[in-house]
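Reading through the structure tokens given below for one structure.
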Amino acid sequence: MSEIPYKIYLSENEIPSAWYNVRADMKKKPAPLLNPGTGEPLKAEDLYPIFCEELSKQEMNNDDQWIDIPGEVLDFYKMYRPSPLVRAYCLEKALGTPAHIYYKFEGNNTSGSHKLNSAIAQAYYAKKQGLKGVTTETGAGQWGTALSMATAYFGLDCQVYMVKVSYEQKPFRREVMRTYGATVTPSPSMNTNVGRKINEQFPGTDGSLGCAISEAVEAATTQEGYRYVLGSVLNQVLLHQSVIGLETKAALDKIGVKADMIIGCAGGGSNLGGLISPFVGEMLRGENQYEIIAVEPASCPSFTRGSFVYDFCDTGRVCPLAKMYTLGSNFMPAPNHAGGLRYHGMSTILSQLYDDGFMKATSVKQTDVFAAAEQFARVEGILPAPESSHAIKVAIDEALKCKETGEAKNIVFGLTGTGYFDLVAYQKYNDGVMDDYIPTDDDIAASLAQCPKLG
Ligand SMILES: *Cc1c(COP(=O)(O)O)cnc(C)c1O
């Protein structure tokens with residue numbers, strides 16, 4: 001029998017006690033956020049009206065390599081971490097590949113995704129600052145669920161603006177959030193100025209993440225004792241998610257395995273950024289080499305077809321400008337896109353790393369993603385989230401390439417969550433009525449043309 005077990009578990013004491021800040025090792029730092037009015041780089045203090053102070057400092061911190069995980073956050077982590085690193089023996093066998101496939105499974109908590117890793121940290125800092133509550137947006141609902149779990153734990157109020165189409169299509173997600181005490185409002189709503197404006201401009205709109213962000217920011221800045229929190233894209237979120245990569249690295253080190261290839265899905269970039277951070281750190285310091293692949297949907301291809309420019313983070317244009325791979329803040333994936341990962345931009349950290357050649361990116365069609373999801377579910381037992389299945393698709397493709405070349409590569413991918421709330425999408429796929437829409441060059445050029453012109 002093989003010596004490597006199916007599940008490589010760490011003990012509770014092996015949960016990292018500090019987050020790793022990859023920016024400290026980047027020679028070219030991610031570009032600073034800019035004030036949308038003046039075009040000047042923002043300082044941490046400028047963010048205090050929107051974000052918690054400690055989180056604003058983390059957002060701007062390009063220097064400290066390690067940031068201690070507060071004891072209360074670690075205690076919460078212990079309820080569901082360390083998450084298992086699984087050797088996908090059954091998938092390898094089904095594929096007949098000589099490759100060794102490992103996945104880090106983050107779906108073992110009620111939110112069903114990795115998002116809880118950052119939600120609990122952000123709720124902790126809000127509580128420590130003495131706030132009453134936080135506001136946020138959610139698309140598919142995983143982030144809103146994770147945040148409502150975290151705010152319930154720390155006794156904070158939680159107001160979630162949920163993209164209208166998801167609010168209507170995912171009533172169970174909404175109910176989980178309410179069970180944890182959150183208020184859930186479909187966006188665009190009539191609660192905020194920006195919501196009313198968008199409703200007027202686009203009557204009957206389904207909403208979008210960019211629009212829900214604008215509403216949540218307005219709600220935070222107009223209520224005393226509230227701040228806005230975000231579940232992806234931001235530097236602070238990638239920082240918190242480094243716990244995924246640190247555990248993965250520790251587990252691989254334990255069994256004496258070096259990853260050759262690391263694959264993750266990329267929406268705003270938080271799980272991928274967290275998973276790869278300690279590995280990229282080694283690359284940045286010249287200690288090791290890895291092949292890193294970001295996987296995005298063909299219907300929302302920010303890395304592979306976007307531009308690396310300053311853009312708005314939200315549709316209402318109330319947020320700071322970020323330099324990132326973007327499709328333009330007005331870009332909306334086609335309505336038949338069911339597979340998540342629909343944000344128009346990408347983490348500034350990952351954008352810089354990609355531009356500097358530390359990682360590659362590829363895009364995949366959603367019907368191929370669901371085919372891979374079902375192939376995986378049938379042999380590995382886990383019902384994967386559509387988002388996670390983007391990584392599964394490319395991991396399978398790479399393992400099949402190894403079958404041709406005979407290489408026994410060590411392939412590691414991030415299995416970010418479970419798909420129990422995505423069964424409408426699975427149903428479409430199973431009924432054969434799911435199709436693939438790929439935006440034309442003209443679609444993308446039109447939305448990119450609306451990026452701000454700077455200097
Ligand atoms: C939110 C989410 C993602 C995508 O977000 P990133 O910030 O790119 O990681 C991927 N998988 C699951 C399960 C999610 O909930």
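Whatever order the structure lists ligands and atoms in, that order sets their numbers, starting from 1.
A salt bridge links Arg285 with Asp25; the closest basic N to acidic carboxylate O contact falls under 4.0 Å. Taking the charged nitrogens against the carboxylate oxygens, Arg87 and Glu380 have no contact shorter than 4.0 Å, which rules out a salt bridge. With respect to the salt-bridge test (charged N to carboxylate O, under 4.0 angstrom), the residues Asp397 and Lys401 do not qualify.
The shortest separation from a heavy atom of His114 to ligand 1 is under 4.0 Å, placing the residue in contact.
Residue Gly268 has at least one N or O atom closer than 3.5 Å to an N or O atom of ligand 1. Residue Gly267 has at least one N or O atom closer than 3.5 Å to an N or O atom of ligand 1. At least one N/O-N/O distance between Thr416 and ligand 1 falls below 3.5 Å. In terms of N/O distances under 3.5 Å, ligand 1 is not approached by Ala385. An N or O contact shorter than 3.5 Å links Ser232 to ligand 1 by distance.
Atoms of ligand 1 found under 4.0 Å from any heavy atom of Ser113 (numbered from 1 in listed order, with element): 13 (C), 15 (O). Remark: ligand 1 atoms within the under-4.0 Å shell around heavy atoms of Glu387 are 10 (C), 11 (N), 12 (C). Every atom of ligand 1 is numbered from 1 in the order shown, and the set under 4.0 Å from a heavy atom of Cys265 is 10 (C). The distance from ligand 1 to the heavy atoms of Leu341 drops below 4.0 Å at these ligand atoms: 4 (C).
The cationic atom of Lys249 (NZ for Lys, CZ for Arg) does not lie both less than 6.0 Å from the six-membered ring centre of Tyr20 and within 45° of the ring axis.
Using a 4.5 Å cut-off on side-chain heavy atoms (C-beta onward), Arg173 and Thr145 make contact.
Screening residues 260-278 for side chain to side chain donor-acceptor pair (under 3.5 Å) gives His114-Ser270 as the qualifying pairs, with residues at least two apart or on separate chains. Each ring-ring contact (aromatic ring centres under 6.0 Å, His included) pair with one or both residues in residues 293-321, not counting sequence neighbours, appears once here: Phe303-Tyr325, Phe303-Tyr354, Phe308-Tyr325.
When His390, Lys115, Glu296 are ranked by how near their heavy atoms come to atom 15 (O) of ligand 1, first place goes to Lys115.
With Lys360 as the fixed residue, the salt bridge (Lys or Arg N to Asp or Glu O under 4.0 Å) test singles out one of Glu291, Glu296, Glu398: Glu291.
Counting heavy atoms closer than 4.0 Å to ligand 1, residue Ala140 contributes nothing at all.
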